[in-house]
Amino acid sequence: MDILNKSIFEEHYDRENTGSVKWDKNSLKSLFGSEDVLPMWVADMDFPAPEGIQKALIERLNHPIFGYTVPSGTVFTEIQSWLRDRHSWQIEKEWISFSSGIVSAIGTTIQAFTNPGDKILVQSPVYTPFFDMIKNNDREVVNSPLMLEDGKFMIDFTDFEDKLKSGVKLFLFCSPHNPGGRVWTKDELLRIGDLCKKYDVIMVSDEIHADLFHSPSTHYPIASLSKEFAAITVTLMAPSKTFNIAGMQASFLVTSNEKLQLKLQNTQTKLAFHGLNVLALTAMEAAYREGLEWLTEMMGYIEENIKLAEDFIAEEIPALHVMHPDASYLLWIDCRDLGMTDTEIKERLIHHGKLALEPGSKYGPGGEGFVRMNIGCSRATLLEGLKRLKLAFS
């Protein structure tokens, strides 16, 4: 990576007064009880979006009319090309539908494929909206907790199968895993798919972090592994985490099953969702057309951040232990050796370290005693955050 390109990740961008959930002082005051904290919590990087996205948006803004919009054929083409080239997954245009975000897509799939009272399986600790969307839609959460072995999450397949055959209708799968950063192996995915097929369980696979895998890991979309898996799967993806454009609220769903696709369309019609706005479509198309070079450079920078953070914590805060991420820019940090409660950990972080991190308890059973740290930021911000992390527990 040359110095010129690296500089866009090194530069500090003032995000206050931009409506940023991450940096807004009122937001921090509401969530953490203090506006005087360094925000390293929500999964929102502090890097500028790729120049190609910025230029595409400016070009579209130069046209003074912003009427009702339909996706152009090139949006579908760019998505197809991206999935083919980055994930070796050949999909058809007809398999794609859009959503205003992954959480909205989760809600849509729950309403499309299940009824109130139905059982939906999750694997905790996991992305908080999995629980929220199940409960908010009056479905029952069935949890098959992940096991922590040798510093990484593993699936208890005996428990997983027992839960599936208890009458589960849908499995919400997080791949790659958030918050642990785990990229599931092909063998693990095959076992998951075989069991869901055996018990006639629909898989909704949240793969929003799919593009952010670190070598030597490789992400495999579970639907890409067989036609049988594809027939029972709806895959959720987006350019938002990949290219730091979450505010565009643009995601897409992929399924080869016409019956599932029709149910999705019918549900979106009931919800009065008729498509993405003009700037969301513009940003999505530009991201997949022109974002690869930026992504490659950004991932190199993140990998340096990971090493720096892991080395610092091992040397300066040995009571904490980092789960090495296979993917993404999020660190899952084990604080259990401190012997503190989650409340005590949060209080120390906020009042001693002046640092805002995500508490592990938000992610369900198994998250207690952990915190999640967003290191998608400049090296200077990361170093400041690590110093505050040390200060919190000194």
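Residue numbers run from 1 in the order of the sequence given. Only this structure's heavy atoms are used, side chains among them; waters, hydrogens and symmetry mates stay out.
- Between the side chain of H177 and the main chain of P125, a donor-acceptor pair closer than 3.5 Å is present.
- Here the closest non-hydrogen pair linking A231 and L260 is O-CD1, 3.8 Å.
- A donor-acceptor pair shorter than 3.5 Å cannot be found between the side chains of R139 and N115.
- Between D46 and K22 there is a salt bridge, since at least one side-chain N of the basic residue sits less than 4.0 Å from a carboxylate O of the acidic one.
- Taking a 6.0 Å sphere around CD of E316, one finds it holds more than 12 heavy atoms contributed by other residues, nucleotides or ligands.
- A donor-acceptor distance shorter than 3.5 angstrom exists from the side chain of S34 to the backbone of D36, with no hydrogens or angles considered.
- Side-chain N/O atoms of T282 and R60 include no donor and acceptor closer than 3.5 Å.
- T381 and S378 form a side-chain donor-acceptor contact under 3.5 Å, judged by distance and modelled atom types alone.
- In this structure a side-chain-to-backbone donor-acceptor pair under 3.5 Å is missing from E358 to M373.
- Defined by atom type and a distance below 3.5 Å, a donor-acceptor pair is present between the side-chain atoms of E188 and T185.
- With R388 contributing its side chain and K354 its backbone, the two residues share a donor-acceptor pair below 3.5 Å.
- The distance between the ring centers of Y220 and H87 does not fall below 6.0 angstrom.
- Here E78 pairs with nothing under the salt bridge (Lys or Arg N to Asp or Glu O under 4.0 Å) rule; sequence neighbours left out.
- Here F370 and Y363 keep their ring centres 6.0 angstrom or further from each other.
- Heavy-atom contacts from other residues, nucleotides or ligands closer than 6.0 Å to CG of N17 number 12 or fewer.
- Within the 3.5 Å criterion, the main-chain N or O of K169 finds no donor-acceptor partner in the side chain of Y199.
- In this structure, R336 does not pair ionically with E368, as no charged nitrogen and carboxylate oxygen lie closer than 4.0 Å.
- Salt bridge E51/K55: present, at least one basic N to carboxylate O contact under 4.0 Å.
- The pair D156-K163 fails the salt-bridge criterion, with no side-chain N (NZ, NE, NH1 or NH2) lying under 4.0 Å from an Asp/Glu carboxylate O.
- Residues L295 and I79 share a hydrophobic cluster, clusters being chains of Ile/Leu/Val/Met/Phe/Trp/Tyr side chains in contact below 4.5 Å.
- Looking only at side-chain heavy atoms (C-beta outward), Q123 and F130 stay at 4.5 Å or farther from each other.
- Remark: the S72 side chain and the T74 side chain contain an N/O donor-acceptor pair separated by less than 3.5 Å.
- Between D132 and K135 there is no salt bridge, since no side-chain nitrogen of the basic residue lies less than 4.0 Å from a carboxylate oxygen of the acidic one.
- Salt-bridge check for E35 with K29: failed, with every basic side-chain N at 4.0 Å or more from each acidic carboxylate O.
- Minimum heavy-atom separation, L170 to T109: CD1-O, 4.1 Å.
- Centroid-to-centroid, the aromatic rings of F243 and W82 come within less than 6.0 Å.
- For the pair S166 and K119, the tightest heavy-atom approach, listed with the atom from each and the gap, is O-NZ, 3.0 Å.
- Classification of the F171-F160 ring pair by plane angle, with boundaries at 30° and 60°, yields perpendicular.
- Comment: K346 does not engage D342 in a salt bridge, judged by the lack of any side-chain N to carboxylate O separation of less than 4.0 angstrom.
- Salt-bridge check for R182 with D326: passed, with a basic side-chain N closer than 4.0 Å to an acidic carboxylate O.
- Put simply, the side chain of K93 never gets that close to the backbone of T77: no donor and acceptor are under 3.5 Å apart.
- The aromatic ring centres of Y301 and F47 sit less than 6.0 Å apart.
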